Amino acid sequence: MAALAQARATEPKVGAYLLLDEDGALDQARAIDAARKAGRPIGPMAGVPLAIKDNIHVRGLPTTCASRILEGFKAEYDATVTARLKAAGAVILGKTNLDEFAMGSSCENSALRQTRNPWDTSRVPGGSSGGSAACVAARSAWLSLGSDTGGSIRLPASFTGVVGYKPSYGRVSRYGLVAFASSLDQVGPFARSVRDVALALRAMAGHDAMDSTSNPAPVPDYTAALARDLKGKRVGVVREYLDKLPNRDVARLCEGAIARMQSLGAEIVEITLPHAEYGVQVYYVVASAEASSNLARFDGVRYGLRVPADNGIATYVATRGGGFGPEVKRRIMLGTFALSAGAYDEFYGRAARVRTLICRDFEQAFARCDLIATPCAPFPAFRAGEKSDPLSMYLCDIYTIPASLAGICALSLPVGFDSAGLPIGMHLSAPALADDKLLAGAHALEQSLAADKALGLGRAPAAV
Ligand code: GLN
């Protein structure tokens with residue numbers, strides 16, 4: 001299998017995978033070949049090499065969440081997304097690296113390994129789904145799955161020059177995804193083209209009785225929707241994002257892509273999102289509060305690691321103290337504090353109210369436009385070790401978090417390279433459940449950008 005050979009060649013430099021299941025992948029591929037030969041039906045994604053973020057269950061394989069606390073744990077069942085993609089014929093190559101419990105923006109919070117950016121291996125791939133982005137960029141998978149709570153699919157997609165898609169909240173089942181912040185988490189695909197993302201989303205999306213937050217709305221044919229163009233579509237632009245961005249390469253490339261949309265027949269309208277600037281603060285209260293509750297289940301009794309001590313309480317303390325890394329502990333403490341009596345109103349309550357204002361900003365903006373275009377990240381991939389304080393890491397997500405808080409759909413699309421040759425992504429979003437419209441707009445832009453040879457899109461990274 002070509003993807004496995006490619007993984008053998010690139011993994012020593014990139015380190016995208018936590019587990020490469022070569023035997024399992026070959027077995028699945030052989031089964032599909034046999035079905036094809038026998039004339040039995042094969043799915044729409046038959047033989048597509050797929051990598052899965054290691055916080056999503058694949059039956060029989062470990063789910064580590066890149067944490068020591070899940071040492072020895074194996075998934076007993078397939079996540080719904082895993083089962084649906086298997087049924088469509090995708091071949092699972094392995095599990096990819098992430099920031100521990102999906103908390104981070106660089107993959108440096110993984111307790112298990114470091115993943116590097118295929119475009120420049122001194123740099124990070126972004127996070128938290130850094131392994132899933134890096135393997136698609138390195139061509140050691142055709143398609144991968146990530147999870148996105150505040151930007152964890154879109155940021156690494158932007159840093160590695162691939163398409164990363166966060167579906168509308170509820171569009172894709174989360175059954176079998178290890179929960180981080182349940183009012184925000186979504187599973188979504190990475191691929192090298194919008195068409196492949198659309199194909200994957202079609203296979204994954206739809207109601208699931210095992211996830212009460214999954215939306216019952218019928219799933220449109222996302223690939224058929226790609227035939228629509230941008231003519232007459234209104235694209236909202238937040239002027240000050242572009243004008244005030246310190247990194248002028250990012251601003252220039254986004255301006256170029258917006259001008260391209262205009263040349264394709266879109267009307268550019270200026271919009272404002274007045275409360276989006278509080279997104280990061282709101283997110284770190286809400287997401288940490290939910291994480292503190294979700295992560296209570298890792299107690300040394302039910303799953304993975306157990307550090308035995310004199311009594312039950314001492315066992316919890318020793319297991320959680322030894323099993324969680326520093327960023328996860330920080331979030332649990334922050335979230336527990338934000339929910340505590342006395343602090344609740346001032347922190348959680350206020351954050352929830354500002355979240356409502358951010359949702360309203362989007363409602364008002366989408367009354368005037370069909371899509372919103374902004375930068376995806378304020379800068380390209382940074383060097384490993386460069387961001388050592390948590391706050392500067394948190395600020396990577398200033399442009400992605402508002403869409404997560406509002407539950408709308410959003411993606412990162414590669415729009416060119418900066419002066420150092422690093423890929424830059426643009427963030428496009430659309431209202432909740434308008435995933436078909438978002439994909440159609442992104443596809444039209446992608447096709448037009450690909451035809452512009454000067455942008456150099458489509459070329460392979462250095463580590464490939
Ligand atoms: N970087 C953000 C965080 O650390 C977002 C993570 C995510 O989307 N899973 O929480």
Side-chain angles (χ1 to χ4, degrees), residues 52-56 65-67 96-111 115 124-133 144-160 164-167 169 172 174 177-190 279-295 324-335 338 351 355 376-379 381-382 387-412 425 427 429:
I52 296 188
K53 185 178 183 178
D54 207 14
N55 61 349
I56 299 170
C65 292
S67 180
T96 59
N97 198 20
L98 62 152
D99 288 291
E100 186 175 1
F101 283 100
M103 296 173 184
S105 297
S106 67
C107 259
E108 292 166 294
N109 292 340
S110 170
T115 297
V124 301
S128 66
S129 315
S132 288
S144 66
L145 293 186
S147 64
D148 191 310
T149 305
S152 275
I153 293 175
R154 294 160 284 160
L155 182 78
S158 172
F159 280 10
T160 59
Y165 193 83
K166 184 200 90 74
Y169 184 77
V172 171
R174 300 179 302 183
L177 164 74
V178 177
F180 164 8
S182 305
S183 75
L184 298 156
D185 298 339
Q186 270 293 285
V187 178
F190 291 91
V280 173
Q281 294 93 312
V282 169
Y283 171 86
Y284 277 91
V285 173
V286 172
S288 304
E290 295 181 22
S292 70
S293 159
N294 276 326
L295 271 59
F324 286 135
E327 183 61 29
V328 177
K329 287 180 185 163
R330 182 178 298 121
R331 306 280 180 111
I332 292 173
M333 287 189 282
L334 192 66
R355 182 179 188 176
C376 186
F379 30 66
F382 48 89
K387 293 198 189 293
S388 45
D389 67 303
L391 199 57
S392 68
M393 199 64 93
Y394 296 173
L395 289 172
C396 294
D397 295 314
I398 49 172
Y399 298 122
T400 53
I401 279 176
S404 299
L405 292 169
I408 62 176
C409 53
L411 58 75
S412 178
H427 192 265
S429 58

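The basis for the numbers below is simple: all heavy atoms, side chains too, and nothing from hydrogens, waters or symmetry mates. In listed order, ligands and their atoms are each counted from 1. Keep in mind the model is a prediction, meaning the values are calculated, not measured.
A donor atom on one side chain and an acceptor atom on the other are not found under 3.5 Å apart for Ser392 and Lys387. Donor-acceptor pairing under 3.5 Å is recorded for the side chains of Lys53 and Ser147.
Ring orientation note: the planes of Phe159 and Phe379 are tilted relative to one another, at an angle of 30° to 60°.
With sequence neighbours excluded, the residues satisfying side-chain hydrogen bond (donor to acceptor under 3.5 Å, both in side chains) with Ser152 are Ser128. Listed by chain and number, the residues in a salt bridge (Lys or Arg N to Asp or Glu O under 4.0 Å) with Asp148 are Arg154 (sequence neighbours excluded). A search for side-chain hydrogen bond (donor to acceptor under 3.5 Å, both in side chains) contacts involving Ser429 returns nothing, not counting sequence neighbours.
Within 4.0 Å of ligand 1, protein heavy atoms come from Ala102, Met103, Gly104, Ser105, Ser128, Asp148, Thr149, Gly150, Gly151, Ser152, Phe180, Tyr283, Tyr284, Arg331, Asp397.
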